[in-house]
Structure formats: structure tokens, C-alpha cells
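Right, one structure below, let's go through it.
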Amino acid sequence: MKLSLKNPFTTSFGTLNDKEFLIIEVKDELGNEGWGESVAFSTPWYTEETVKTNLHMIKDFLIPSVLDKKVNHTEEVNEIFRCSKRNNRAKSEVESAIWDAYAKRRNKSLAEVLGGTKEKIKVGISIGIKKDVVDLIESIRQAVNKGSKRVKVKIKPGYDIEVLREIRKYFPDILLMADANSAYSLDDIQLLKQLDEFNLMMIEQPLASDDIIDHATLQNELNTPICLDESIHSLEDTRKAIQLGSCQIINIKIGRVGGLTEAKKIHDYCLEKNIPVWCGGMLEAGIGRAHNIALTSLPNFILPGDIAGSQSYWYKDIISPEVVVEDGMITIPHEAGIGYEINEKVLEEFTVEEEVFEF
Ligand code: OSB
Ligand code: MG
């Protein structure tokens with residue numbers, strides 16, 4: 001499936017105008033259906049996985065490994081998938097679909113079976129790099145007027161200190177954070193130290209995506225908390241990053257960590273260690289967004305996540321109702337499973353290719 005973005009999204013790597021999606025529907029023997037969405041992109045700019053590698057993994061390894069298995073709890077799926085290395089976004093797509101079916105089988109909401117405790121969640125917005133600062137200030141103004149609980153902006157070398165200074169001139173008090181998507185190195189330490197003057201909630205992933213050592217050095221020099229995104233693929237990565245002092249906050253993305261079971265484990269570990277977490281976004285369509293919403297109902301998702309409403313991204317979403325943000329909050333649905341119906345008409349309209357696997 002392919003959807004066009006209403007607003008092209010620019011990071012330190014480049015601009016996205018649309019997004020290809022791999023969507024999966026699973027069915028248990030009773031006919032309970034579960035839906036999953038891969039968060040990989042068409043090209044490996046942000047992660048080594050792509051829509052095509054996900055399809056390969058899912059078709060040739062992951063589906064065959066679970067299709068004939070009897071599992072009592074979705075948590076076992078994670079174990080079964082251990083026979084394939086990494087490919088976390090592919091694993092997550094299948095695993096989170098099974099979680100949806102598992103919840104529907106019990107006639108409970110996904111949030112409830114995950115152990116969620118909230119009725120509503122606070123959300124923020126992630127604003128991409130704009131062609132000029134006037135555009136950026138206008139986008140922030142719109143988000144703030146709509147009640148967004150915090151604003152995240154993307155930064156990169158040459159588009160950082162001055163941009164943040166300008167933002168603070170107009171919005172001295174908003175909850176503000178910056179995401180560098182790995183655009184800096186320790187050579188930039190003097191520049192990164194200047195970020196302390198902007199009272200940011202955090203700086204997200206300033207250094208390399210495969211690093212936790214240099215982040216520990218940097219965190220020692222900064223007052224602003226570091227939040228890790230790209231560096232965290234598992235509970236083990238989380239434990240090591242926290243132990244080393246590489247960050248004070250963790251961004252949990254279900255796809256990046258291989259599914260909801262691992263996401264929940266990371267959440268529980270961070271709760272124990274007093275490390276706040278928040279739910280990251282990957283420009284999801286409705287299914288991925290619904291999974292993010294359910295996960296955010298867990299208690300240690302203290303900070304607002306990157307979960308804006310469907311209409312912030314897409315002309316038409318594939319779920320009904322679409323995700324709506326009111327005064328910076330999303331109400332967790334009570335309906336069984338992900339709690340949103342699939343809008344089959346829209347899904348069909350944007351579907352490019354389809355395949356069925358049976359046992
Ligand atoms: O780094 O959090 C990121 C989008 C694509 C890839 C990486 C990231 C992002 C975002 C957007 O920041 C979050 C969203 O609104 O879905
Ligand atoms: Mg990020």
C-alpha cells in the first residue's frame with residue numbers, strides 16, 4: 001500500500017513525500033483477526049530494513065515459523081522469532097498483529113491485555129526541517145494552537161543553534177525538544193553544549209545510530225537529557241545504555257525493538273530504573289498508530305509521544321474512526337484489539353499487491 005504525505009517530511013537525511021506500507025492481517029483458527037503494519041521505509045536511509053526486506057523476511061521465514069505453531073500467549077512469538085537474527089521491523093509487524101488477534105480473542109482492548117492503565121494519553125508533534133525558519137515558526141504555532149503537549153523539531157549541523165534561538169524567541173515556554181537523527185559526532189561537543197541554553201526537554205539521538213559509548217561521554221558534558229532512539233533495539237541495549245549513562249530518557253518504537261513484547265519489557269525495565277519513556281513515531285498509517293496508542297497506555301510512558309492525529313499525515317487513513325487528537329490528548333479506545341476498524345474501502349483503494357498464506 002502507498003500513501004502520500006500531506007506535508008513532505010524532512011530530516012537530516014532527506015525528504016519523504018510518500019510512504020509505502022506492508023500491511024499484514026493474521027487470523028486464528030476461530031477467525032479472530034489481527035492487523036500489523038511495518039514501519040520500514042522503501043529505502044534504507046533510517047534503518048537497514050526496507051519494505052522489500054520485510055516482505056522477504058515475513059514471507060520466507062517468519063510466517064513459516066509461526067503458521068503451524070500453537071502458542072498460548074503472544075509473548076511466545078518473540079521466542080520463536082529468535083531463530084532469525086534482527087530484522088526487528090519485520091518481526092514486529094507479525095508479532096503486533098498476533099497481539100491484536102490475541103486481544104480480540106479475549107474480547108479485550110490491546111491496551112488492557114498489555115497492562116495499560118491510562119484512559120487518555122498526552123501526545124506531541126514531530127516537525128520536520130523546513131525550508132526557512134518562518135515556515136517552521138508557523139508550523140509550531142499551528143501545533144501549539146491545536147494544543148500539542150510538546151513540540152519536537154529536527155536539527156542538523158547548520159540548522160540548530162540559530163533555529164532553536166529563533167523558536168525560543170516566539171515560544172519561550174513550550175515543552176520543546178530537538179531530534180538530530182545521528183547528525184553529530186563528539187567533535188561537535190562545544191556546539192552541542194550550547195543546546196543547554198534552550199531549556200530543551202531532551203535532545204534525541206545526537207550521535208551515531210550504532211553508538212552508546214560516545215553518548216555517555218556527551219551526556220557527562222550536557223545538562224540537557226539525552227534520549228536514545230536509533231541506538232535501542234532491545235531490552236539488552238536499554239540496560240547497557242542506562243548502565244553506561246548514555247541517556248536519561250528512552251524513545252520506544254515498537255518496530256525498532258521487534259514488537260510489543262520487547263517494547264513492554266523495555267518499559268518495565270525503565271520504570272524500575274526511574275527512566276521515563278515515550279513512544280516514538282515512524283509516520284505510521286492507522287494500524288501502526290493504533291498499536292502505538294495502546295502501548296502508550298502503560299504507566300511509564302510519562303512523556304508525550306510522537307503520535308499526532310491521522311489528518312496530520314494522510315488525506316485518508318486506513319482505519320475508522322481515524323486517530324483524533326483533542327487538546328493534545330488521544331482517548332484510548334475500549335473496543336477489542338487495536339480498537340479501530342480497518343477501513344477496507346480505503347485499504348483497497350491504496351493496495352498495490354496482495355498475497356495469502358494458509359496452513
Ligand atoms: O527519528 O523519530 C524519528 C520519522 C521517521 C523516521 C524517524 C523519526 C521520525 C519522526 C516522525 O520524528 C515521528 C512521527 O510523527 O511519526
Ligand atoms: Mg528520532
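Basis for what follows: all heavy atoms, side chains included, without hydrogens, waters or symmetry-related copies. When a ligand or atom number is given, it counts from 1 through the structure's own listing order.
Between E322 and K316 there is no salt bridge, since none of the side-chain N atoms of the basic residue sits less than 4.0 Å from a carboxylate O of the acidic one. Between D100 and K104 there is a salt bridge, since a side-chain N of the basic residue sits under 4.0 Å from a carboxylate O of the acidic one.
Using a 4.0 Å cut-off to heavy atoms of K253, the atoms of ligand 1 that qualify are 1 (O), 2 (O), 3 (C), 7 (C), 8 (C). Taking every non-hydrogen atom of E204 and a distance limit under 4.0 Å, the qualifying atoms of ligand 1 come out as 2 (O). Every atom of ligand 1 with a heavy atom of D229 under 4.0 Å away is listed here by number and element: 1 (O), 2 (O), 3 (C). Taking every heavy atom of N181 and a limit of under 4.0 angstrom, the matching atoms of ligand 1 come to 1 (O), 3 (C).
The environment of NZ in K118 is crowded: more than 12 heavy-atom neighbours from other residues, nucleotides or ligands sit within 6.0 Å.
Side chains of T224 and D196: a donor on one and an acceptor on the other come within 3.5 Å. Side chain to side chain, N300 and Y269 fail the donor-acceptor criterion of an N or O pair below 3.5 Å. Under 3.5 Å, the side chains of Y102 and N32 contain no donor-acceptor pair of N or O atoms. With hydrogens and angles left out, the side-chain atoms of E204 and N251 include a donor and acceptor closer than 3.5 Å.
Taking the six-membered ring for Trp and the full ring otherwise, W99 and H73 have centroids separated by under 6.0 Å.
Looking at atom 13 (C) of ligand 1, its nearest protein heavy atom turns out to be G281 O, 3.4 Å. In terms of protein heavy atoms, atom 4 (C) of ligand 1 is closest to F9 CE2, 3.7 Å. F41 CZ, 3.6 Å is the protein heavy atom nearest to atom 5 (C) of ligand 1. Nearest non-hydrogen protein atom to atom 14 (C) of ligand 1 is Y313 OH, 3.4 Å. In this structure, atom 16 (O) of ligand 1 lies nearest to the protein heavy atom L283 N, 2.8 Å.
Not a single heavy atom of E230 sits closer than 4.0 Å to an atom of ligand 1. Under a 4.0 Å heavy-atom criterion, W45 is in contact with ligand 1. Contact annotation: K152 has at least one heavy atom less than 4.0 Å from an atom of ligand 1.
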Would you check, one step at a time, whether the test side-chain hydrogen bond (donor to acceptor under 3.5 Å, both in side chains) holds for S12 with N181?
CA-CA 7 Å; S12 51; N181 286 114; 4.8 Å; no

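Residue contacts with ligand 1, taken as heavy atom pairs separated by less than 4.0 Å, do not involve Q205 at all. In I125, neither the side chain nor the backbone holds a heavy atom less than 4.0 Å from any atom of ligand 1.
Residue contact annotation: D229 places an N/O/S atom under 2.8 Å from the Mg ion (ligand 2). Counting backbone and side-chain atoms alike, E230 contributes no N/O/S atom closer than 2.8 Å to the Mg ion (ligand 2).
Closest approach of P206 to L218, counting heavy atoms only: CG-CD2, 3.6 Å. Nearest heavy-atom pair across A208 and Q205 is O-NE2, 3.0 Å.
Taking the Mg ion (ligand 2) as reference, D179 places its N/O/S atom OD2 nearest. Note on E204: its N/O/S atom closest to the Mg ion (ligand 2) is OE2.
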